[in-house]
A.B. asks: 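Sharing a structure, written as structure tokens. Questions coming.
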Amino acid sequence: MVVLAPPSRRWRSTPSVGTLHGPVGRLTSPGLLLLFVSLTGIAFAIGAMNVWSIAIAEDHEQDMLSGIIPAAFSTGSLLGGLVYGRRTWSRTTADRLIIASGVPRRVAPARNPARAVRGTAAIAVPGAFLTVVVACAHVTTDALPLRAEPARRMRG
């Protein structure tokens with residue numbers, strides 16, 4: 001409905017001067033490619049956390065852990081987002097992104113998978129930093145400079 005509404009169909013963005021446009025304009029920015037590559041580790045960890053929660057549930061013969069562990073991660077993410085949104089930050093967005101990306105690595109609940117309760121509680125800590133990473137990644141993406149179009153030589 002929104003896409004088909006007349007205001008949505010009439011709207012066009014204003015192109016910036018000296019930037020690449022088209023279907024892959026912003027995607028060719030070297031900074032954005034570096035950001036994407038650096039965030040793949042976080043995506044891998046989130047996927048591994050889901051597999052880990054199923055393994056813990058099977059090891060402890062408690063099926064509910066396969067849902068409780070991701071729920072604890074999500075709860076941590078919600079609480080982290082609330083705290084992040086309420087504060088005024090003095091550091092740059094890039095600094096916050098680097099710090100928030102590094103903290104969850106130091107809190108690895110999978111070090112002792114035999115303790116399901118401790119692992120479930122500890123998984124909320126990296127979840128709290130996920131919202132910070134995602135928010136900072138969005139702001140960083142918007143702030144990244146685009147490559148200017150190469151100068152075209154005129155023949156003549």
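Predicted, not measured: the structure shown is a model, and the values here were computed from it.
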A.B. asks: Atom OG1 in T131, atom CG in L78: separation rounded to 0.5 Å?
C.D. replies: 7.5 Å

A.B. asks: Please report the interatomic distance CZ(R91) to CG(L97), rounded to the nearest 0.5 Å.
C.D. replies: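 Between atom CZ of R91 and atom CG of L97 there are 13.0 Å.
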
A.B. asks: Within the structure provided, determine whether I46 and I42 are in side-chain contact (heavy-atom separation under 4.5 Å).
C.D. replies: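 They are in contact (side-chain heavy atoms under 4.5 Å apart), so the answer is yes.
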
A.B. asks: Does a side-chain heavy-atom distance below 4.5 Å link Y84 with C136?
C.D. replies: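 A side-chain contact exists here, since the closest heavy-atom pair is under 4.5 Å.
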
A.B. asks: State whether a side-chain donor-acceptor pair under 3.5 Å links N50 with S53.
C.D. replies: no

A.B. asks: Compare all side-chain heavy atoms of I56 with those of Q62 and state whether any distance is below 4.5 angstrom.
C.D. replies: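 No - every pair of side-chain heavy atoms lies 4.5 Å or more apart.
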
A.B. asks: Quick one: CG on D95 to OG1 on T92, what's the gap to the nearest 0.5 Å?
C.D. replies: 3.0 Å

A.B. asks: Roughly how far, to the nearest 0.5 Å, is CG of L65 from NE2 of H60?
C.D. replies: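 H60 NE2 to L65 CG: 7.0 Å, rounded to 0.5 Å.
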
A.B. asks: Looking at M49 and I123, what are the two nearest heavy atoms and their distance?
C.D. replies: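 Looking at all heavy atoms of both residues, the shortest contact is CG-CD1, 3.6 Å.
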
A.B. asks: Within the side chain of S77, is there an N or O that forms a donor-acceptor pair under 3.5 Å with the backbone of F73?
C.D. replies: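 Checked: no pair found.
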
A.B. asks: Are V134 and F36 joined in one hydrophobic group, where the rule is that I, L, V, M, F, W and Y side chains link up if heavy atoms are under 4.5 Å apart?
C.D. replies: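 They do share one cluster, since a chain of ILVMFWY contacts under 4.5 Å joins V134 to F36.
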
A.B. asks: With a distance cut-off below 6.0 Å to the six-membered ring centre and an angular limit of 45° from the axis, does R87 pair with W89 as a cation-pi contact?
C.D. replies: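 Checked: cation-pi criterion met.
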
A.B. asks: Quick one, V125 and F129 - any side-chain contact, counting heavy atoms below 4.5 Å?
C.D. replies: yes

A.B. asks: If you measure from CG on L35 to OG1 on T141, what distance do you get to the nearest 0.5 Å?
C.D. replies: 5.0 Å

